[in-house]
Amino acid sequence: MLKTQFQEQVAEVIKAVKSTNPMAGSITNSVTINLVANAQLAVGGSAAMVHLPDEGEFLAMAGGATYINCGTLLPIYEATLPTVAKTSHDAGKPWVLDPVAIGIGTLRTRLLLQFKEYKPSIIRGNASEIIALAGLWQLEGGTGTSNVRGVDSTDAVLTAKDAAISLAQWTGGAVAVSGKVDLVTDGKTVIHAKGGSHFMEKITGAGCALGGVMAVYATSTTPFVAAITGTFAFNLAGRAAEQNAEGPASFQVHFLDELYKLTASEIIDAPFEIEEV
Amino acid sequence: MLKTQFQEQVAEVIKAVKSTNPMAGSITNSVTINLVANAQLAVGGSAAMVHLPDEGEFLAMAGGATYINCGTLLPIYEATLPTVAKTSHDAGKPWVLDPVAIGIGTLRTRLLLQFKEYKPSIIRGNASEIIALAGLWQLEGGTGTSNVRGVDSTDAVLTAKDAAISLAQWTGGAVAVSGKVDLVTDGKTVIHAKGGSHFMEKITGAGCALGGVMAVYATSTTPFVAAITGTFAFNLAGRAAEQNAEGPASFQVHFLDELYKLTASEIIDAPFEIEEV
Amino acid sequence: MLKTQFQEQVAEVIKAVKSTNPMAGSITNSVTINLVANAQLAVGGSAAMVHLPDEGEFLAMAGGATYINCGTLLPIYEATLPTVAKTSHDAGKPWVLDPVAIGIGTLRTRLLLQFKEYKPSIIRGNASEIIALAGLWQLEGGTGTSNVRGVDSTDAVLTAKDAAISLAQWTGGAVAVSGKVDLVTDGKTVIHAKGGSHFMEKITGAGCALGGVMAVYATSTTPFVAAITGTFAFNLAGRAAEQNAEGPASFQVHFLDELYKLTASEIIDAPFEIEEV
């Protein structure tokens, strides 16, 4: 595809979400749950968060897509997360996986192993998380060990390129690696996108919010375009917000405001490169 | 009652809460729990949130009123919520019910059915939630099915009028339906109140925060006046906040600031109509 | 020690944390979990929050220090909290205890009793919490009953002085009592520190955030200096934030921004007195 074709598709989904207010349910961590919901509302979506298995199943069927973030696991999530992933998969509904904290604890590892067969439509993480997930699923580009702290430098994103491509080829969906230069791939094409702000690492939950917003966009387009749209929106809103920020907290306020104000026509300002693999 | 009589009672409770700093405990959802607490503090109250049954029972007895919001249920809430509701009811302490997400999941339905006999002093929700609760409790004006997404247009609020009146007559307390024109009733009188901001639907938890604030006011006046006071305060603070907001996040910051700055004498600016039924 | 010696050590740890980005894991309450994480990031640390026992154990070993706040207990915390406290203690890793809501519920009492032998490196609370904990642990200066509401006046802080000293002598660490004039002691020396803002009682979680930030600083210095550093940082950031605040919500935004901007050289502006006991 040409750059303009991507831009047109991205502009279209931004517009569609603003006019249809689609619902994307979430099972997500308690640290950033409020930010995820507010980011989903800011782009025009509707949010709903639950903890229990039957409620997650309900949302997976009622919503256009579902976001699963495996931070701050609760005991009940042993039942909830596989139920929601399986329901989404079997119903052909898109779902987004954020493998936060991969490598910490036995429940998380068991859950992430189960998710392999439910093929998340979008996987979003930083470089170390993506590499660790590919390793856990025994795909090319992965390693069996995880860097708990995560690294988000430019180099780190590129080191996850093979893992991202392997994961996308396995799921048939998209994989997004967040960092200074973001990488989004469907296993055939790789998008390298710039923008955002250094403040995004100084607030908790920018990545979670991005995953939640990708789920909102996934209600209205392909996983690949949804992942690109979320990435572009965050890069543009982050860049604009930084200009008026005095620190991380005012950055977050400006960021959500900018996300809300972002229009389809501004997407042409999001810098990116296309690479075929 | 005359308009001025309502205004006097509302002004009185705003002043009383600011000077006595009353505590209202909450069992509420994890998405908006921080906003609920901060809104309760902003109006002059004191906040305390718990998850466990004996802690909820303690708060119900120690506080002047309790707020129960049934979003993001946890397994332990099967024990906690009925304990708190029963404790409040049996002790003659006011408690506020926010039947968020009514219709989703079996536990929520079981809990909401149990609440019927514990007669919440205030029920606060949007039109579809109020109609669904009246239906669940087999009262006039209700339907057995719920619109999960909720609708908050002017019309929607009025479609919930019969349900709201039935619920208030059953509980002997007050029912508040949030929307473009809010409706608050004690089963005999209906207040129609205007104000607020379109941004209130663009942040998560405006309704939850209102429920929490009504609980704070319910420590210091009748359920009906508490529900009206919360509604007026949110309408005035929302209107003022919108004037300086660039988007939903800065709106939320201004909104809490305005809630904090709101004084008893400004209540005369809250537009409302009285209807006897 | 002389005032200048304290100031040098405080300046050093502020600088060290900014350059090494140390990780302090937390098990903390759901009301203020987001603020705790953002405050930890603002001072230059790295945050990670979990609920499950093996995840807490992992963080205790992987991080430089751990923060345990016993608000909003979940059933699983009966296993998680003692595991994390014991792991930290046995490994000689610093950990911070925030005995929020001491006196409410049986689980909290059982947990706080167990913590006595795991000797938290820093205990942070308001006067009534510190007195109640000393009472629970049968140390001098404590009482067996707790004032649930807490009091944060100047007098209240001084009434907790004996309890704070007893606790610090028992743990061999530091105890910080938050209030208008904060008190920090290692059982031998008492620091009385001024500053902050009246708005800190009008937002939920200023105390929790302080505990989390003390854990970040405890990764890089002694418990006593870590507790003093956190106290000075909050006093300076609070004072600066109040100057531009319109209310509690804008105060919180400015506060986190100021915490982020605070540099080692500004610590000289934090007013305090030293008392030897």
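Note on naming: letters A, B, ... go to the chains in the order of the sequence lines (proteins, then strands), and numbering restarts at 1 for each one.
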If we define contacts as heavy-atom pairs under 4.5 Å, which of C/Ile33, C/Val36, C/Leu259 has the most with chain A?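 Counting heavy-atom pairs under 4.5 Å, the top option is C/Ile33.
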Output the option from C/Thr28, C/Leu256, C/Asp257 having the highest count of non-hydrogen pairs under 4.5 Å with chain A.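 Option with the greatest count: C/Asp257.
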Got a sec: does the NZ of C/Lys86 have more than 12 other heavy atoms crowding it under 6.0 Å?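 No - once you tally the heavy atoms of other residues, nucleotides and ligands closer than 6.0 Å, there are 12 at most.
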C/Asp54 versus A/Thr106, side-chain donor and acceptor atoms under 3.5 Å: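 Yes, a side-chain donor-acceptor pair sits under 3.5 Å.
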Side chain, backbone, both or neither of A/Val253 within contact of chain C (heavy atoms, under 4.5 Å):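 For A/Val253, the side chain is the part near chain C, not the backbone.
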C/Leu74 versus chain A, the contacting section by heavy-atom distance below 4.5 Å: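 Contact with chain A: side chain only.
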Under the side-chain contact (heavy atoms from CB on, under 4.5 Å) criterion, do C/Phe234 and C/Val213 qualify, and how do the steps go? CA-CA 9 Å; C/Phe234 270 52; C/Val213 162; 3.8 Å; yes
Taking it one step at a time, do C/Asp269 and C/Arg239 satisfy side-chain contact (heavy atoms from CB on, under 4.5 Å)? CA-CA 11 Å; C/Asp269 299 329; C/Arg239 199 175 55 185; 4.2 Å; yes
Sort out for me which of A/Gln252, A/Glu246, A/Arg108 touches chain C most, counting heavy-atom pairs under 4.5 Å.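 The residue among A/Gln252, A/Glu246, A/Arg108 with the greatest pair count is A/Glu246.
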So which of A/Ser30, A/Pro248, A/Gly105 has the largest heavy-atom pair count under 4.5 angstrom toward chain C?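 The option with the most such pairs is A/Pro248.
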Do C/Tyr260 and A/Phe199 make the cut of ring centroids closer than 6.0 angstrom?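 Yes.
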